[in-house]
Amino acid sequence: GSYWCQYGPVPQGYGVILPQGLWEDLVEDAQRFYASGDWYFERGVPHRRGYLLYGLPGTGKTSLVRALAADLKRNLYIAKSSVVRSGFQDALRAVVPGSIVLIEDVDCVTQPVMNVDVPRPSAPTSGSNGTSPAEPERSLSIGEMLNALDGILPLNQILVIMITNYIEKLDPALIRPGRVDRKIKLDICTPYQIQKMFTKFFPEAVLEEKDLAGLRLTPAELQELLI
């Protein structure tokens, strides 16, 4: 369990308002994937599927994954950034078949991280405070990441969802077809999302189309205004 910041069933109650039709499309796609084990087995193909959710911060990427896991009644494993650097393969060994694995901020996985939590003692020198400068932790190489996902440890009956705010930082090998089957961009609210969120908070009020003109807000920003 220490590999994951969350693992296990997700309670009902996670709600997310997406662009029109997207939620139904994703639920149908995931249900079809989980129901197709025989098709994958007969063709000798690992039974796994990959999504990449990308876009601006505050667009509901993590909330979408939680809601999807709750709706499908699937265990959700959320990877800590430290795990995908130091023990990703071991972490994946613990995943129960039929689960969803969420890798947050995947653009950071193969980037060095400064370990500033534990100062390293050094011999005091003139002008020194007795600690040496923080050194980068060894980051997970792209090859190790790919091996964990589809090489050394083939994942069976697992939906892997990666999240990033910066798709341009990702190695093309990580998100090629076969590793990422669907790329879903979440952006500023569509008029449909604004209407739905407004009605959720103010069921009796009427929001006219002219009220939506020029609104460019992420779901998080809109919710903050409505609360």
Side-chain angles (χ1 to χ4, degrees), residues 4-34 48-81 83-84 95 99-109 111 158-170 174-175 179-203 205 207 209 211-227:
W4 308 97
C5 56
Q6 176 184 324
Y7 62 100
V10 177
Q12 297 291 324
Y14 282 99
V16 61
I17 297 175
L18 301 175
Q20 189 168 11
L22 180 56
W23 171 255
E24 294 79 7
D25 179 37
L26 287 176
V27 169
E28 180 182 349
D29 185 85
Q31 288 175 331
R32 184 169 55 247
F33 160 71
Y34 283 116
R48 65 170 180 266
R49 190 156 179 80
Y51 296 164
L52 174 70
L53 307 182
Y54 69 99
L56 297 171
T59 49
K61 296 182 285 294
T62 300
S63 298
L64 167 55
V65 178
R66 291 181 186 274
L68 189 63
D71 189 83
L72 297 173
K73 297 180 173 59
R74 297 285 170 175
N75 288 328
L76 175 63
Y77 292 74
I78 302 179
K80 299 176 183 177
S81 60
V83 172
V84 289
V95 174
S99 300
I100 296 175
V101 171
L102 169 60
I103 306 172
E104 294 188 301
D105 300 322
V106 69
D107 52 280
C108 299
V109 169
Q111 302 297 322
I158 300 294
L159 175 59
V160 177
I161 304 179
M162 296 184 281
I163 287 178
T164 182
N165 297 333
Y166 308 103
I167 189 173
E168 67 277 3
K169 293 184 179 181
L170 299 183
L174 182 62
I175 57 175
R179 295 192 180 107
V180 169
D181 302 289
R182 295 196 60 174
K183 299 173 185 174
I184 300 114
K185 182 179 182 180
L186 298 181
D187 208 341
I188 60 172
C189 291
T190 64
Y192 173 84
Q193 286 174 284
I194 296 173
Q195 288 275 12
K196 285 290 186 181
M197 289 184 70
F198 188 83
T199 303
K200 178 181 177 181
F201 284 90
F202 305 103
L207 190 64
E209 188 171 337
D211 298 322
L212 307 179
L215 283 181
R216 293 184 57 83
L217 300 169
T218 66
E221 292 169 334
L222 178 58
Q223 180 169 296
E224 186 176 350
L225 287 176
L226 295 174
I227 290 178

[X] side-chain N/O to [Y] backbone N/O, donor-acceptor pair under 3.5 Å:
X	Y	result
Tyr77	Ile103	no
Asp181	Gly50	yes
Lys61	Gly55	yes

Closest non-hydrogen atom pair, [X] against [Y]:
X	Y	answer
Asp107	Tyr166	OD2-CD1, 3.8 Å
Ile194	Cys189	CG1-CB, 3.6 Å
Val95	Ser99	CG1-CB, 3.9 Å
Ile175	Lys183	O-CE, 3.4 Å
Ile17	Lys200	CD1-CD, 4.3 Å
Tyr51	Ala30	OH-N, 3.6 Å

Side chains of [X] and [Y], heavy atoms from C-beta outward: is any pair under 4.5 Å?
X	Y	answer
Ile161	Leu64	no
Gln193	Leu222	no
Arg49	Arg182	yes
Gln223	Phe201	yes
Glu221	Ile188	no
Gln20	Thr190	no
Glu224	Leu217	no
Leu186	Leu22	yes

Candidate list Leu76, Val160, Leu53, Leu159, test side chain to side chain contact (heavy atoms under 4.5 Å, CB included), partner Leu102, passing option: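 Exactly one candidate clears the test, Leu76.
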As an exercise, state the distance from [atom1] of [X] to [atom2] of [Y], rounded to the nearest 0.5 Å.
X	Y	atom1	atom2	answer
Met162	Arg179	CE	CZ	9.0 Å
Asp187	Tyr54	CG	OH	9.0 Å
Asn75	Ile100	CG	CD1	9.0 Å
Glu104	Ile78	CD	CD1	5.5 Å
Leu26	Ile184	CG	CD1	5.0 Å

